[in-house]
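Everything below concerns the one structure shown next.
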Amino acid sequence: MSNEQAGGLPKAYDASSVEGGIYARWLAADVFAPDGAGSRADPAKPPFVIIQPPPNITGALHLGHAQRTAVEDAMTRHARMTGRPTLYLPGKDHASIAAQFVLDRMLAEEGETRESLGRERYLERMRAFVESTRHVMTDQLQRVGASLDWGRERYTMDDGSALAVRTAFKRLYDDGLAYRTEALVNWCPGCRTSISDLETIATPETGTLWQIRYHLVDAAGAVEPDAWISVATTRPETILGDTAVAVHPEDVRYRALVGRRVRVPFVERDVPVIADDVVERDFGTGAVKITPAHDLDDFETGRRHELPAITVLDDEARVTEAGGPYRGLDRYAARARILADLEARGDLEGSRAHEMVIGRCQRSDDVVEPRLKTQWFVRVGPLAAKSLASVREGRVEILPKRFEKVFFHWLENIRDWNVSRQLWWGHRIPAWYCTDGHVVVSDRLGGPETCDACGRPGTELVQDPDIFDTWFSSGLWPFSTLGWPEPTDDLARYYPGTVMETAYEILFFWVARMMMLGEWLMGQPPFATIWLGGIVRDPYGVKMSKTKGNVEDPLATIADIGADALRFALVHGLAPGADARIGRTKLDGARNFSNKLWNAARFVLGARPDDVPQGAPLALPAAADLGPAERWILGRCGATIEAVSRAHDAYQLGEVTRLLYEAVWSEFCDWYLELAKAGLADPATTPARRAGTWQTLVWVLERYVRLLHPVMPFITESIWGELPHEPSDPELLIVADWPTAERELGLADADTSAAVEALLDLVRAVRNARAEAGIDAGASLEADVVLPDARLREVVGSMSASFERLARLRPVRLHADAASLPSSAGSGLAVVTAAGEARLARGAGDIERERARLERELASVREALRATDARLADVAFTSRAPAHVVDAARRRRAELVEQDERLAARLASAKAAGDEG
RNA sequence: GGGCGGUUAGCUCAGUCGGUCAGAGCACCUCGCUUACACCGAGGGGGUCACAGGUUCGAGUCCUGUACCGCCCACCA
């Protein structure tokens with residue numbers, strides 16, 4: 001029975017040589033799809049559909065993806081084992097602006113630009129680029145072990161998505177929720193496209209507030225050199241687009257000027273002084289220049305007063321023709337020149353530093369320019385209302401719950417969604433314009449046949465050059481991937497989804513949009529639970545990023561310690577919504593745990609008694625063949641099954657790994673394995689009991705392997721391959737049943753468990769006393785053990801081989817009470833626990849040290865006793881606290897009293913012995 | 001300017017319904033190469049649960065306030 005041959009398990013688990021093969025076996029067995037050939041799903045059970053954010057098609061796996069995948073895959077595998085048809089659908093996102101950003105950089109190295117290639121050639125390049133990268137993420141997700149249903153893989157630029165986008169947009173248009181208008185949008189001059197509010201990052205900056213004179217114009221239209229109104233601005237270059245100066249209607253300083261005209265410098269345009277209560281009298285000079293085409297506030301003020309909006313900055317933020325003498329200058333160059341010119345005219349009154357918040361492009365970091373553009377918008381009010389109601393009324397649950405508030409706040413204050421992008425890579429907006437100015441929105445592939453309004457043939461219509469915001473197509477993901485708008489079986493079966501798992505970073509970008517679009521187009525929210533994860537940080541709490549160089553490469557980590565250890569580390573201690581710090585220490589811990597599990601399996605397989613035939617099916621031992629230790633570990637195993645199942649049902653994966661780490665390491669390995677070793681080695685053990693012990697080892701290990709599979713799929717599948725099974729078990733663990741606990745719990749009983757716990761407690765106490773007394777750890781001592789409880793005495797008696805081995809005592813003589821101890825037992829070490837006491841014989845010992853130890857223990861017991869007594873003496877406590885709490889306190893007191901007596905007696909004899917010596 | 005989260009052992013963090021809740025891992029100290037594992041085993045030290053009030057028989061746990069850290073949202077030039 002050598003462990004080298006341990007049932008085929010090699011001495012060390014070699015992840016790199018095993019994982020690929022296991023993944024290939026899963027693929028070959030077709031077990032990932034809910035309807036795959038190898039699926040053992042029960043079609044009658046409710047499907048479990050998990051929705052994952054499709055990664056960018058040009059991307060490579062980073063630790064954040066790995067964590068998302070670890071979480072999603074664990075949920076998926078757990079659901080699959082419970083027999084539910086389980087859909088975990090893979091996909092890629094075309095990521096229009098992000099992909100263009102990457103490709104543009106590559107083109108720049110070749111000396112090319114978007115414009116130099118032109119739209120068609122640029123898109124060809126993009127398609128080729130995307131083809132070259134799309135396999136990367138797929139391969140890496142498989143390395144992590146993601147049990148994605150690859151047969152259903154989708155892409156946000158495939159034909160199905162394209163149809164879904166056209167259909168969705170037409171529906172919104174027909175419902176009056178998509179409209180085209182000229183409005184101020186966030187314009188990124190670097191990316192040369194509009195971006196959404198979400199992509200505009202408010203950045204605090206110290207700017208300058210300049211004070212500038214606008215001279216009044218007299219009735220004859222002449223400038224009055226000595227009469228002016230001073231305005232305050234942080235953007236002098238927008239002077240060129242001013243169409244009014246506003247003051248507060250009740251501001252006495254300016255009341256007389258309202259209705260007069262002032263001359264805008266340089267462009268020499270006369271504009272009115274208007275009164276509007278948006279103006280803060282206390283800010284700056286109390287007078288504001290109004291530039292409707294370049295400031296959101298001003299745009300609205302302009303509307304109220306019917307002011308013209310003059311665009312003075314172009315797509316690249318250079319001054320337009322309307323900017324007169326400054327035309328062609330970059331916005332900042334124009335600012336400098338204008339300030340210098342104002343100074344020269346004597347119209348620059350002063351300036352001061354000003355703390356302000358400026359919008360920057362999330363992608364390029366350019367300062368975003370509000371610009372007047374004709375674009376498509378989605379009216380989100382009615383959509384948001386539905387989403388808010390779904391969450392408020394509990395149809396959709398957000399985990400953790402605190403994000404519900406964030407979600408509410410955002411949706412309550414949301415502005416219409418600008419969906420047009422002046423980019424090329426993405427879905428073209430399905431809107432066509434005819435020369436008569438009619439607009440046709442069509443979901444027909446290739447565009448409308450005729451203009452709806454005038455019947456002009458489609459060939460004479462011109463399609464909108466813009467594309468959709470990437471998130472418009474991602475927002476359709478939960479149903480576009482199931483075949484929508486076609487009424488497919490998948491759509492009927494797998495919509496709405498069960499859980500949507502993602503990082504809280506994209507709650508608004510993606511989750512909220514899926515909610516809004518899903519509810520409107522499908523009539524119900526796209527998922528029941530929103531599970532939000534956090535950000536993966538380095539050990540110092542810094543968000544990992546390539547530029548900071550603090551990234552942990554998940555693939556290198558997998559090569560190093562295996563995918564399972566990485567997954568375990570990413571999930572262990574994870575709470576929804578909380579950021580996770582991942583570093584060497586945590587990864588090492590996970591690797592050590594994998595190693596522990598592997599070696600426990602090697603031991604168990606190698607410990608098969610000779611009279612148990614190899615290849616015998618797995619069976620729970622008969623009750624008669626179980627010792628107390630077996631009953632105890634089966635009870636613990638049952639409790640763990642139940643606790644882990646509950647944790648999974650609540651999506652608490654951090655709790656799942658915590659429970660299993662504890663169960664496998666601290667209970668199974670540290671205690672039961674050691675107890676079993678002694679039982680197996682004891683010649684007094686009957687063959688039936690020996691078989692029962694081994695079967696218990698295998699059984700419990702087998703349950704833990706099942707429970708760990710969702711988090712650690714490879715190593716558990718590996719071990720499973722070597723373990724005996726019940727006849728009803730499948731060949732692959734991935735489709736094995738999730739365990740239930742009734743059989744284990746049926747073999748356990750509370751009394752035996754309590755007795756075994758008491759035994760373990762005694763072992764701990766003996767080890768402690770031995771260590772403190774400095775006794776050689778290898779030395780075996782004679783012991784007299786007093787256990788007043790008969791049941792406990794019986795259990796310890798039946799486990800004497802284990803007890804002797806674990807506590808290093810031999811022989812152990814059991815006694816019902818201290819009075820029956822032989823007098824020779826008076827010397828040596830005394831060990832007192834709640835259940836009883838042990839007296840260990842030993843040679844020469846340090847009496848003083850022993851006395852000090854006993855005094856310390858006695859003092860601590862008396863302290864606890866005092867506290868318990870005080871509690872029980874308080875009538876308020878005994879009358880108001882629930883009975884079970886009071887009972888527990890009374891039991892505790894009784895134990896403490898006994899310990900007190902035993903310790904006092906031992907201390908007395910130790911003192912006597914010391915005095916004699 | 002609003003809102004949210006955090007503050008528990010040297011470090012990273014669990015702690016559900018208020019009652020064995022003062023916990024884990026790492027680090028540290030002392031032993032130990034006991035035939036699964038040194039990626040290990042045994043034992044140990046270490047915390048006024050940020051601070052101040054309050055509710056309660058009883059408070060890391062609930063309430064109020066304060067401090068510090070972090071995050072999200074925000075169209076006052």
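As the structure is a computational prediction, the values presented were derived from the model and not from experiment. Residue numbers begin at 1 in each chain, while the letters A, B, ... track the order of the sequences.
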Closest listed nucleotide, where the reference is the side chain of A:T234 and the choices are B:A77, B:G25, B:G43: B:A77
For B:C51, give its Watson-Crick or G-U wobble partner with both distances under 3.5 Å, or none. B:G65
Chi-angle category of B:G60 [syn within 90° of 0, anti beyond]: syn
Are any of the side-chain nitrogens in A:R810 or A:E804 under 4.0 Å away from the carboxylate oxygens of its partner? yes
So which nucleotide does B:G23 pair with, by the Watson-Crick or G-U wobble rule with both distances under 3.5 Å? B:C13
For A:V886, which contact category applies under a 4.0 Å heavy-atom criterion: base, sugar-phosphate, or nothing? nothing
For B:G45 and B:G2, measure between their P atoms and round to the nearest Å. 49 Å
Measure the acute angle between the ring planes of A:W598 and A:Y13, then classify it against the limits of 30° and 60° as parallel, tilted or perpendicular. tilted
Between B:G19, B:A36, B:C73, which nucleotide gets closest to the side-chain atoms of A:L198? B:C73
Is the phosphate of B:C4, meaning OP1 or OP2, less than 4.0 Å from a side-chain N or O of A:K405? yes
Nearest nucleotide by nearest heavy atom, which residue falls closer to the 5' end of RNA chain B, A:A881 or A:K289? A:A881
What I want to check is whether an N or O donor and acceptor connect the side chain of A:K11 with the base of B:A36 at under 3.5 Å. no
Is A:W665 near enough to B:G41 that one of its side-chain N or O atoms lies under 4.0 angstrom from OP1 or OP2? yes
So, is A:R581 near the phosphate of B:U12, with a side-chain N or O under 4.0 Å from OP1 or OP2? yes
For A:H248 and A:F283, I'd like to know if the aromatic rings sit close, meaning centre-to-centre distance below 6.0 Å. no
Have a look at A:P370 and say if it touches a base, only the backbone sugar-phosphate, or nothing, with a 4.0 Å heavy-atom cut-off. nothing
Quantified in whole Å, what is the P atom distance between nucleotide B:C11 and nucleotide B:G58? 33 Å
Determine which nucleotide pairs with B:C39, using a 3.5 Å limit on both distances of a Watson-Crick or G-U wobble pair. none
Base B:U20 paired with A:R892 side chain (donor-acceptor, <3.5 Å): yes
Atom pair distance, as rounded to whole Å: CZ in A:R584 and P in B:C39: 13 Å
Whole Å only: how far is the CD atom of A:E772 from the P atom of B:A42? 17 Å
Strictly below 4.0 Å, N to O, side chains only: are A:D579 and A:R537 in salt-bridge contact? yes
Write down the distance between CD (A:E667) and P (B:A24), rounded to a whole number of angstrom. 14 Å
Against the side chain of A:A600, the closest entry in B:A14, B:A36, B:C26 is B:A36
Indicate every side-chain donor-acceptor pair of residues 400-407 of chain A with a distance under 3.5 Å to a residue at least two apart or in another chain.
| from | atom 1 | to | atom 2 | distance (Å) |
| --- | --- | --- | --- | --- |
| A:K401 | NZ | A:E404 | OE1 | 3.1 |

Would you mind reading off the distance between A:R871 atom CZ and B:G19 atom C1', rounded to a whole angstrom? 6 Å
Checking all strands, does A:K586 fall into the base, sugar-phosphate, or nothing category for heavy-atom contacts under 4.0 angstrom? nothing
Once you round it to whole Å, what is the distance between P of B:U12 and CG of A:D588? 17 Å
In plain terms, say whether A:R866 and A:D869 are close enough for a salt bridge, that is, a side-chain N and a carboxylate O under 4.0 Å apart. no
Take atom C1' in B:G32 and the same atom in B:C68, then report the distance between them in whole Å. 46 Å
Looking only at atom C1', what distance separates B:C28 and B:G46, rounded to whole Å? 9 Å
Below 4.0 angstrom, N of the basic side chain to O of the carboxylate: do A:E369 and A:R371 qualify? no
Contact class for A:L673 (heavy atom, under 4.0 Å): base, sugar-phosphate, or nothing? base
May I ask you to say what A:D297 touches in the nucleic acid, namely base, sugar-phosphate or nothing, with a heavy-atom cut-off under 4.0 Å? base
Check the distance between B:C76's P and A:H354's NE2 and give it to me in whole angstrom. 10 Å
Side-chain ion pair, A:E300 and A:R303, N-O less than 4.0 Å: no
If you measure from the C1' atom in B:U34 to the same atom in B:G41, how many Å do you get, rounded? 9 Å
Using a 4.0 Å heavy-atom cut-off across all strands, classify A:R767 as base, sugar-phosphate, or nothing. sugar-phosphate
Let's test this: given Watson-Crick or G-U wobble pairing with both distances under 3.5 Å, identify the partner of B:G70. B:C4
Mate of B:U34 where both pairing distances stay under 3.5 Å, Watson-Crick or G-U: none
Is A:R770 touching bases, backbone alone, or none of the nucleic acid, heavy atoms closer than 4.0 Å? nothing
Checking all strands, does A:F403 fall into the base, sugar-phosphate, or nothing category for heavy-atom contacts under 4.0 angstrom? nothing
How is A:D670 classified with respect to the nucleic acid when contacts are heavy atoms under 4.0 Å: base, sugar-phosphate, or nothing? sugar-phosphate
Taking a pair to mean Watson-Crick or G-U wobble geometry with both distances below 3.5 Å, B:G45 pairs with none
Think A:N768 has a side-chain N or O under 4.0 angstrom from the OP1 or OP2 of B:G44? yes
B:C40 OP1/OP2 closer than 4.0 Å to side-chain N/O of A:N592: yes
Determine the interatomic distance between P on B:C63 and the same-named atom on B:C17; round to the nearest Å. 12 Å
B:U34 C1' sits how many Å from A:R805 CZ, rounded? 7 Å
Tell me what A:Q652 touches on the nucleic acid: a base, only sugar-phosphate, or nothing, going by heavy atoms under 4.0 Å. nothing
